[in-house]
Amino acid sequence: MPSHARTTQVAIIGAGPAGLLLGALLGREGIHHVVVEKHSAAHVLARVRAGILEPATVALMRELGAGERLAREGLPHEGLFLSVAGQRHHIDLQALAGRHVTVYGQTELTRDLMAQREAAGWPTVYEAGDVSLAGLADKPCIRFGEAGRPVELQADWVAGCDGFHGVSRASIPPEKLQTFERSYPFGWLGVLADTPPVAAELVYAQHDRGFALCSMRSPTRSRCYVQIAQGDSIEDWPDNRFWDELASRLDPASAAALRPAPALEKSIAPLRSFVAEPMRWGRLLLAGDAAHIVPPTGAKGLNLAASDARQLAGALIEHYRERSDAGLDSYSERALRGVWRAERFSWWMTRLLHRFPEELAFEQRLQRAELDQLLASRAAQTLLAENYVGLRG
Ligand code: FAD
Ligand code: DHB
């Protein structure tokens, strides 16, 4: 064996929420694992993404002993607002579904898990160059560059947690995968700014000009989004255009509370629904965005990544502790059940609240009718609330 050869039980590709949560779950059981991430820790932490945690994700952080700051700084939200054609309506999640969500940035959750890894001494390779996977059918080997030196990491199992554009899913022979996909003819432009949120809870706005969302990171920091045309670039959206457009899509009370401020960060996200089945090939197991993408409207992506990590960790722990592969054999099927429910909800909420450019007046009237029913029906609101806080079982 060359001197740069290493071995581990589980090689985890990617240090996003899926990879870091899986690593923490394995680490506390004493299962040896290495996280291999192609970017630096600073780069991973600079990506502004999700902000809403389901109760199950908060509970997972607490169980891992990584939830102390989340408990202190996370903002519990018992409801949300729907702003429809200029009128604001409250959806009481706590009353309808008996649970609430927590506002806590993905960057903060990532920071907490990275700090725990470092303190525990669990190995992480950042800035891994040219990561490639081989021997996935029976004897996995991960090759990458570390500080310019080639490394070969032998592992019993590989967890592909490297997001939608990673190498893991791409290493599965195409004929072994079935993929399901829908792209949406628009994107989201997100702005982070030091300005107080327009309301105490999130405002999801449906408007003829397009969707908008006012979220937050703290009582003094807002995270807001507007639906933009496909092909638009950041240069098309100077700060003043963004704030004007956002205001024009909000109900009068929310718009009046809006205080434009310079963007600390501005980014565009495409909207996509995607599922790859199965989530396992040989000794490679996929988790999080590597296996599935939801449009961000339902705030489900990070929570799905956490749910995959929990299920995959359970299966691997069973393998090492009880010498049983039952959990690994059924992982894909079990995970996909929850994935498809989140896909359905995210697709539904996207369709309900966005302006589809090619849509006929007929579909627009149907959208309006569905919104009317939602705002009038406790049963319809309960369904939304149960999905938003996370379905159980
Ligand atoms: P990622 O976070 O994508 O992590 C994958 C990691 O793998 C990255 O660090 C990447 O650098 C690394 N990697 C990639 N390729 C390689 C390689 N070849 N080798 C090694 N490493 C590699 N979700 C919610 O639940 N709630 C929300 O409110 C929400 N809002 C969102 C808003 C926006 C604008 C966006 C874009 C997303 C949002 N999401 C939300 C989705 C959420 O951010 C993702 O679903 C989540 O990041 C998935 O985590 P992951 O670990 O699977 O993948
Ligand atoms: C945020 C993002 C979402 O996609 C969402 O549905 C709610 C909140 C956010 O970034 O805060």
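Whatever order the structure lists ligands and atoms in, that order sets their numbers, starting from 1. These values consider heavy atoms only, across backbone and side chains, with no hydrogens, waters or symmetry-generated copies. The model shown is predicted, which means the values in this text are computed figures rather than measured ones. Here, residue 1 is the first one in the sequence, and each next residue gets the next number.
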Open item on the list: Heavy-atom count check: over 12 atoms from other residues, nucleotides or ligands less than 6.0 Å from Glu63 CD?
Closed with: yes

Task: Option with minimal heavy-atom separation from atom 48 (C) of ligand 1, where the choices are Leu189, Asp289, Ile293 - done: Asp289

Open item on the list: Taking only non-hydrogen atoms of Arg49, do any sit less than 4.0 angstrom from ligand 2?
Closed with: yes

TODO: Give the contacting part of Leu302 toward ligand 1: side chain, backbone, both or neither, where contact means a heavy-atom distance below 4.0 Å.
DONE: both

- [ ] Specify side chain, backbone, both or neither for Leu202, according to which of its non-hydrogen atoms lie closer than 4.0 Å to ligand 2.
- [x] side chain

Task: Any N/O pair Trp188/ligand 1 closer than 3.5 Å - done: no

Open item on the list: Polar contacts were defined as any N/O atom of the residue lying under 3.5 Å from an N/O atom of the ligand; does this apply to Trp188 and ligand 2?
Closed with: no

Task: Contacting atoms of ligand 2, where contact means under 4.0 angstrom from a heavy atom of Tyr204 - done: 5 (C), 6 (O), 7 (C)

Open item on the list: So is Val48 touching ligand 2 or not, going by heavy atoms under 4.0 Å?
Closed with: no

Open item on the list: Heavy-atom pairs closer than 4.0 Å: do any link ligand 2 to the side chain of Ser215, the backbone, both, or neither?
Closed with: side chain

TODO: Using a strict 4.0 Å cut-off to heavy atoms of Pro296, name the atoms of ligand 2 that fall inside it.
DONE: 3 (C), 4 (O), 5 (C), 6 (O)

Open item on the list: One residue to check: Lys300. Relative to ligand 1, which of side chain, backbone, both or neither has a non-hydrogen atom less than 4.0 Å away?
Closed with: backbone

Open item on the list: Using a 4.0 Å cutoff against the non-hydrogen atoms of Gly14, which atoms of ligand 1 qualify?
Closed with: 6 (C), 7 (O), 12 (C), 21 (N)

- [ ] Around atom 29 (C) of ligand 1, find the nearest protein heavy atom and jot down its residue, atom name and distance.
- [x] Ala50 CB, 3.0 Å

Open item on the list: With nothing but distance in play, are any N or O atoms of Pro17 less than 3.5 Å from an N or O of ligand 1?
Closed with: yes

Task: Distance flag, aromatic centroids of His32 and Trp122, threshold under 6.0 Å - done: no

- [ ] Would you kindly say whether Ser132 and Arg143 are connected by a side-chain donor-acceptor distance under 3.5 Å?
- [x] no

TODO: For ligand 1, note which part of Ser267 has a heavy atom under 4.0 Å away: side chain, backbone, both or neither.
DONE: neither

- [ ] Number the atoms of ligand 1 from 1 as they appear, then name those within less than 4.0 Å of a heavy atom of Gln106, with their elements.
- [x] 2 (O), 42 (C), 43 (O), 46 (C), 47 (O)

- [ ] Determine, considering heavy atoms only, which of Arg217, Met216, Met349, Lys300 sits nearest to atom 9 (C) of ligand 2.
- [x] Arg217

TODO: Report yes if some N/O of His165 lies less than 3.5 Å from some N/O of ligand 1; otherwise report no.
DONE: no

TODO: Please say whether Ala299 places an N or O atom under 3.5 Å from an N or O atom belonging to ligand 1.
DONE: yes

- [ ] Identify, by atom number and element, the atoms of ligand 1 in contact range of Tyr225, meaning under 4.0 Å from any of its heavy atoms.
- [x] 32 (C), 34 (C)

Task: Val103 contact mode with ligand 2 (heavy-atom cut-off under 4.0 Å) - done: neither

- [ ] Verify the distance criterion only: is there a donor paired with an acceptor across the side chains of Trp348 and Glu343 at less than 3.5 Å?
- [x] no

Task: Region of Ile13 that comes within reach of ligand 1 [heavy atoms, distance under 4.0 Å] - done: side chain

TODO: State the atoms of ligand 1, each with its element, that fall below the 4.0 Å cut-off from a heavy-atom position in Gly16.
DONE: 2 (O), 4 (O), 6 (C), 9 (O), 51 (O)

TODO: Give the numbers and elements of all ligand 1 atoms closer than 4.0 Å to a heavy atom of Gly288.
DONE: 52 (O)

Task: Val167 neighbourhood, listing ligand 1 atoms whose heavy-atom distance to it stays under 4.0 Å - done: 18 (N)

Task: Short side-chain to backbone donor-acceptor contact, Arg223 and Arg49, under 3.5 Å - done: no

TODO: For Gly51, counting its heavy atoms only, list the atoms of ligand 1 lying under 4.0 Å from any of them.
DONE: 27 (C), 28 (O)

Open item on the list: Tell me whether Arg241 at atom CZ has more than 12 heavy atoms from other residues, nucleotides or ligands lying less than 6.0 Å away.
Closed with: yes

Open item on the list: Can you tell me if Glu363 has over 12 outside heavy atoms packed within less than 6.0 Å of its CD?
Closed with: yes

Task: Within the 6.0 Å centroid threshold, strictly below: Phe186 and His354 - done: yes

Open item on the list: So, 4.0 Å and heavy atoms of Gly190: is ligand 1 close enough to count as a contact?
Closed with: no

Task: Polar proximity ligand 1 side, Ala305 side, N/O cut 3.5 Å exclusive - done: no

Open item on the list: Is it the case that over 12 heavy atoms from other parts of the model lie below 6.0 angstrom from the CD atom of Glu265?
Closed with: yes

TODO: Please check if atom CZ in Arg321 has more than 12 non-hydrogen atoms from other residues, nucleotides or ligands closer than 6.0 Å.
DONE: yes

- [ ] Using a strict cut-off of 4.0 Å, indicate which atoms of ligand 1 neighbour a heavy atom of Val36.
- [x] 20 (C), 21 (N)

- [ ] Assess Glu54 for proximity to ligand 1: is some non-hydrogen atom of it under 4.0 Å away?
- [x] no

Task: From the candidates His43, Arg223, Arg47, His39, the one that places a heavy atom nearest atom 8 (C) of ligand 1 - done: Arg47

